[in-house]
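Notes for the one structure printed next.
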There are 2 protein chains.
Amino acid sequence: MPTMSAADRREVLRREYNANLAECPGHEILATLSDKWVTLVLSALADGPLRHSEIARIVAGATQKMLTQTLRKLERDGLVQRAVTASVPPRVDYELTELGFGLLPIQRAIKAWAESHIAEVHAARARYDKE
Amino acid sequence: MPTMSAADRREVLRREYNANLAECPGHEILATLSDKWVTLVLSALADGPLRHSEIARIVAGATQKMLTQTLRKLERDGLVQRAVTASVPPRVDYELTELGFGLLPIQRAIKAWAESHIAEVHAARARYDKE
DNA sequence: CAGAATCCCCTACGATACTG
DNA sequence: CAGTATCGTAGGGGATTCTG
């Protein structure tokens, strides 16, 4: 009976590790938070409910597809609520849920750290690239 | 001379917006922070310096390529310091810089929020998926 | 031990067009 | 206005192999 090679054993460990990682709350939230458009949509909604087209205007960088996709994801995660008013033309409003509001302080913390340390990061990069 | 179509104008706006976004400190840091392996390497180094192979053992899910790539990026951003001891076999130690340590509280904040709210997120998902 | 280099796949995103 | 559906592509990441 063949023994596992060292490489095989390492790969088993890798798969286990990654499986655990997928269930790690921190990474789930980080995955949400780090989505390019999530942050922007969240900030846009911080001041109050907005219609789809209003969000599109504010978050002008997103394609319509990405916008809808982002909103769906946020809705699914319970961070954003969708309110449809049946009429012609249809009216759809989005607003943050309580859970969604809870994420804002974290976003602000990241932004604050970023703004006060970005210069150091840029300096470090310049140093690194020069060599 | 042809006037710009509405679609063209929108696209110009999109490009400008995205260009600005690339320079936004918040997004730069978020991009770093959200990298799958950055978080794990950072936490691994939180307790003190480690050798390359030790990090590889702790962050067992990363391939060698990803590990080196991550470490280089962190080094470039001035978050991690690399100390080479010329010998046979070579010895390379990595440790957090002061800047790197500064990132840990943010990571912890995200983790804390995640752990106390992940249940709500999962519940919301279950609700959404059922419909 | 530390790591650079290569190949290759897969999906995330953008562009475009159509519907209620 | 608020979406869905489809297609094409660039890049991130994994597996593998090779060096000092």
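This structure is a prediction, so every number in the text was calculated from the model and none was measured. Numbers restart at 1 for each chain; the letters A, B, ... are given by sequence-line order, proteins then strands. Below, all heavy atoms of this structure are taken into account, side chains as well, without hydrogens, waters or symmetry copies.
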Between atom [atom1] in [X] and atom [atom2] in [N], what is the gap in whole Å?
| X | N | atom1 | atom2 | result |
| --- | --- | --- | --- | --- |
| B:Tyr17 | C:dG14 | OH | C1' | 17 Å |
| B:Arg10 | C:dA17 | CZ | P | 13 Å |
| B:Leu67 | D:dG13 | CG | C1' | 14 Å |
| B:Met66 | D:dG11 | CE | P | 15 Å |
| B:Leu21 | C:dG14 | CG | P | 11 Å |

**OP:** Just call it for B:Arg82: base, sugar-phosphate, or nothing, with non-hydrogen atoms closer than 4.0 Å on any strand.
**Re:**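 If one applies the 4.0 Å heavy-atom cut-off, B:Arg82 turns out to touch the sugar-phosphate alone, with no base involved.
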**OP:** Let me see the working for A:Arg10 and A:Asp8 under salt bridge (Lys or Arg N to Asp or Glu O under 4.0 Å), right down to the final yes or no.
**Re:** CA-CA 5 Å; A:Arg10 259 202 314 279; A:Asp8 290 338; over 6 Å; no
**OP:** Show your reasoning for whether side chain to side chain contact (heavy atoms under 4.5 Å, CB included) applies to B:Leu21 and A:Lys36.
**Re:** CA-CA 10 Å; B:Leu21 211 56; A:Lys36 188 177 179 184; 3.9 Å; yes
Measure all distances between protein nitrogen or oxygen atoms and nitrogen or oxygen atoms of nucleotides 15-18 of chain D, and list the pairs falling under 3.5 Å.
unit_1 : atom_1 : unit_2  : atom_2 : d
D:dA15 : OP1    : A:Arg14 : NH1    : 3.3
D:dA15 : OP2    : A:Arg14 : NH1    : 2.7

Close residues, [range], relative to DNA chain C [heavy-atom separation under 4.0 Å]:
| range | value |
| --- | --- |
| residues 71-80 of chain A | none |
| residues 86-97 of chain B | B:Pro89, B:Pro90, B:Val92, B:Tyr94 |
| residues 39-62 of chain B | B:Arg51, B:His52, B:Ser53 |

**OP:** Using the salt bridge (charged side-chain N to carboxylate O under 4.0 Å, His left out) rule, collect all pairs that involve residues 12-31 of chain A, keeping only residues at least two apart or in two chains.
**Re:**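 Listed once each, the pairs are A:Glu11-A:Arg15, A:Glu28-B:Arg125.
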Checking the side chain of [X] only, and the main-chain atoms of [Y] only, is there a donor and an acceptor separated by less than 3.5 Å?
| X | Y | result |
| --- | --- | --- |
| A:Thr97 | A:Gly78 | yes |
| A:Glu75 | A:Arg72 | no |
| B:Asp35 | B:Trp37 | yes |

**OP:** Give the intermediate values and the outcome of salt bridge (Lys or Arg N to Asp or Glu O under 4.0 Å) for residues A:Asp93 and A:Arg91.
**Re:** CA-CA 7 Å; A:Asp93 287 278; A:Arg91 178 189 178 92; 2.9 Å; yes
Any chance you could measure [X], atom [atom1], to [Y], atom [atom2], to the nearest 0.5 Å?
| X | Y | atom1 | atom2 | value |
| --- | --- | --- | --- | --- |
| B:Arg76 | B:Thr32 | CZ | OG1 | 9.5 Å |
| B:Ile110 | A:Leu30 | CD1 | CG | 5.0 Å |
| A:Asn18 | A:His27 | CG | NE2 | 9.5 Å |
| B:Arg108 | B:Leu103 | CZ | CG | 10.5 Å |

Original post:
Applying the 4.5 Å side-chain criterion to the ILVMFWY set and letting contacts propagate, would B:Leu13 and A:Val59 be lumped into a single cluster?
Top reply: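 No, separate clusters.
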Original post:
Going by atom types alone, do A:Gln107 and A:Ser43 pair a side-chain donor with an acceptor below 3.5 Å?
Top reply: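 There is such a pair between these side chains.
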Subject >> Worked verdict on B:Tyr94 versus B:Gln81 for side chain to side chain contact (heavy atoms under 4.5 Å, CB included) >> reply: CA-CA 6 Å; B:Tyr94 294 92; B:Gln81 242 169 4; over 6 Å; no
**OP:** Given side chain to side chain contact (heavy atoms under 4.5 Å, CB included), test A:Lys73 with A:Gln69 step by step and report yes or no.
**Re:** CA-CA 6 Å; A:Lys73 186 167 15 173; A:Gln69 204 172 96; 5.9 Å; no
Subject >> Five-pair end axes of the helix from C:dC1-D:dG20 to C:dG20-D:dC1, angle between them (10°) >> reply: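 One end's axis against the other's: 40°.
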**OP:** Run the numbers on B:Ile29 and A:Ile118 for side chain to side chain contact (heavy atoms under 4.5 Å, CB included), then give the verdict.
**Re:** CA-CA 8 Å; B:Ile29 299 301; A:Ile118 194 71; 4.1 Å; yes
